[in-house]
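No hydrogens, no waters, no symmetry mates; every other heavy atom, side chains included, goes into these values. A note on names: the letters A, B, ... follow the listed sequences, proteins ahead of strands, and every chain is numbered from 1. No experiment lies behind these values; they were computed from the predicted model shown.
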Amino acid sequence: MSSKDLTLSLSAHAATLSQKKWAGFFSLSLREIERFLTMKSMTVFPPLISTALYIIVFGFFMGRQIVDIHGFSYIMFILPGLLLMSVTMNAFMNASSILYMARYDQTIQDVLLSPLSYFQIVSAYTVSSIVRGVLVGVLVCVAGVLLVRMPIHSPAILLLFLMISAQVFGSFGIMIGLRAEHWEHIAIYINFVVTPLTFLGGVFYSVSLLPPWLKTLNLLNPMFYMVNGLRYGILGISEVSILGSFLITLLLGSTLLGITVYLFKIGYKLKT
Amino acid sequence: MNISKAVAALEISGLHKYYGSFHALKGIDLIVNRGSFFGLLGANGAGKSTSIHMICGLTKKTQGSIKVLGYEVEHHHEIISRLIGLSQQEFNLDRFFPLHKLLRYHGRLYGIGKKILDHRLDELMSQFGLWEYRNQLTHRLSGGFKRRIMLVRALLHDPEILILDEPSAGVDIELRIDLWRYLKKLNQEGKTIILTTHYLEEAQSLCDDIALLREGEIILQGRKDDIVSKLKGNLINFFLPNPLETPHVE
Ligand SMILES: Nc1ncnc2c1ncn2[C@@H]1O[C@H](COP(=O)(O)OP(=O)(O)O)[C@@H](O)[C@H]1O
Ligand SMILES: [Mg+2]
């Protein structure tokens, strides 16, 4: 090959550079979506079954013995919370297991070697986690509508809160997937962070029933704002401002996204 | 992007690497000319993989400078990732996807369009005898096949510089013959190839230029014939494992 040819082929490289800037990002997002879809029986269906069980137990058996909250039956009141649990858990599991596995078997190196920027890499993993979270969320909503005629007050707000909640926990999952040295580390974060936040975030009760000091504490729990948004999307009621809930969740999500990009930039647990 | 012919494919100067307190690379200087077939020869633990990973940005350097076709590695990740194709020493193939899909996703990471990608995949997979395995999961395949897949993956985006970290490891003699012949052809067509090995015979059969790496230091560097005669005449003390069963390749 002459030097002229070399220069030509290099400028061809340069052309692909600008043209295909985002093609790699879409490819990585799709690959990570396909990954969880190939394991549907492990990723998508279990949360659906557990939510259906919740609905049956609380809706049909126990719910009748619990008084209505804000004019809704108990099951209706907690459905947004059950929804949030499935969505956040799935987004978290998706991101943390992708990152953990990719570090474990070193396939992450190929992604690091590719032309994608750190922002694109992190965004692709996050998108995959949002898709998994929202997909599970939509299926849970369908189950709610079919089993207990769950209303949908505002599909747009419902979808919006499904997405930002999944993003927050997707980004959090990336951080934990990077940090974890064993699978158990991931489980520890689920048991000691995700689950307690969910249960204490007003999923199973109305904050108006709480003593004032617990009410204040609740305001520090990000899950409270997510469940509030979902509850508005479904039932049309909310305990705090929807815009405020949205902005707080968005701020948290962007902060976590920024942290994950930073962790990739410094090669945290990725580069020795 | 206009790269003059004079610029080296790879230029390393004063490169150090510490792993904690362990001094793995002790100030390496290296120039690989464009279009050459370069061998980095050294025993296990000499620091070959460490050097390669730093060139590709997979390992952080402690000190020094690395330029690929004139681009400083630290600051031009995107350009350099398109210029380099790396086949790592350790297999790292995604267990989830069948071979064909795995390679297709990989190609698309580089933004290769569908048509060109199909063409490249057909060509490379037949070249390496992988076509009939395209629907298999890679972890079911033998080491020799995994090595071929690693090579195809490195070549898929048609990089200017091909870097192969111990490509002969775990490969039987027949594949080695094919592989060596193919690499020579690629080099003749203009690709710069950098290869690490702990077999003198491999470097001798393939490379134009050789650098000897020992315990993180380059102790000798130059044209193949000089290096080989010095090594064979025991003019330098350099430990290498037993000779490799050598295919003869024209
Ligand atoms: N991640 C790491 N942490 C600590 N030491 C390492 C690491 N990677 C390599 N080393 C050490 O650095 C030296 C060079 O390793 P390596 O570059 O893999 O050698 P080679 O590829 O020539 O066999 C070896 O002594 C090895 O044990
Ligand atoms: Mg090595």
Practice problem: Count the heavy atoms of every other residue, nucleotide or ligand shown that sit under 6.0 Å from NZ of B:Lys26, and state whether that count exceeds 12. | Solution: yes
Self-check item: Contact leader toward chain A among B:Gly20, B:Ser81, B:Gly107, B:Gly113, where contacts are heavy-atom pairs under 4.5 Å
Solution: B:Ser81
Quiz prompt | Neighbour count >12 (heavy atoms, 6.0 Å) for atom CD, B:Gln136 | solution = yes
Exercise. Check whether more than 12 heavy atoms from other residues, nucleotides or ligands sit under 6.0 Å from atom OH of A:Tyr104, and answer yes or no.
Key: no
Quiz item: What is the distance from atom CZ of A:Arg31 to atom NE2 of B:His106, rounded to the nearest 0.5 Å?
Solution: 9.5 Å
Quiz item: Counting only heavy atoms not in A:Leu37, do more than 12 fall under 6.0 Å of its CG?
Solution: yes
Self-check item: Whether over 12 other heavy atoms sit under 6.0 Å from A:Arg179 CZ
Solution: no
Self-check item: Part of residues 51-65 of chain B lying next to chain A, heavy-atom separation under 4.5 Å
Solution: B:His53, B:Cys56, B:Gly57, B:Leu58, B:Thr59, B:Lys60
Quiz item: Do B:Gln88 and A:Gln109 have side-chain atoms, one donor and one acceptor, less than 3.5 Å apart?
Solution: yes
Quiz item: Side chain, backbone, both or neither: which part of B:Arg153 has a heavy atom under 4.5 Å from chain A?
Solution: side chain
Quiz item: So which of A:Thr107, A:Val111, A:Asp110, A:Leu28 has the largest heavy-atom pair count under 4.5 angstrom toward chain B?
Solution: A:Asp110
Practice problem: Please list, chain by chain and in numerical order, all residues satisfying side chain to side chain donor-acceptor pair (under 3.5 Å) with A:Glu34, sequence neighbours excluded. | Solution: B:Lys101, B:Tyr105
Quiz item: Should the heavy atoms of other residues, nucleotides or ligands under 6.0 Å from OH of B:Tyr182 be counted, would the total exceed 12?
Solution: yes
Exercise. Just do the side chain to side chain contact (heavy atoms under 4.5 Å, CB included) check on B:Arg108 and A:Phe26 with the steps written out, would you?
Key: CA-CA 9 Å; B:Arg108 296 193 57 81; A:Phe26 286 119; over 6 Å; no
Quiz item: With a 4.5 angstrom heavy-atom cut-off, which part of A:Ile108 approaches chain B: side chain, backbone, both or neither?
Solution: neither
Self-check item: A:Leu113 versus B:Tyr110, closest heavy-atom pair with distance
Solution: O-OH, 3.6 Å
Exercise. Flag yes if more than 12 heavy atoms outside A:Tyr268 fall under 6.0 Å of its OH atom; otherwise flag no.
Key: yes
Quiz item: With only heavy atoms counted, which part of A:Ile121 is less than 4.5 Å from chain B, the side chain, the backbone, both or neither?
Solution: neither
Exercise. May I have the step-by-step check of side chain to side chain contact (heavy atoms under 4.5 Å, CB included) for A:Met101 and B:Phe96, ending in yes or no?
Key: CA-CA 11 Å; A:Met101 282 305 295; B:Phe96 265 90; 5.5 Å; no
Quiz prompt | Contacting moiety of B:Leu102, where chain A heavy atoms sit under 4.5 Å | solution = neither
Quiz item: Are any side-chain N or O atoms of B:His77 and backbone N or O atoms of A:Ser114, one a donor and one an acceptor, separated by less than 3.5 Å?
Solution: yes
Quiz prompt | Distance, nearest 0.5 Å, that separates CG of B:Asp94 from CG of A:Asp105 | solution = 6.5 Å
Quiz item: Has B:His119 got more than 12 heavy atoms of other residues, nucleotides or ligands less than 6.0 Å from its NE2?
Solution: no
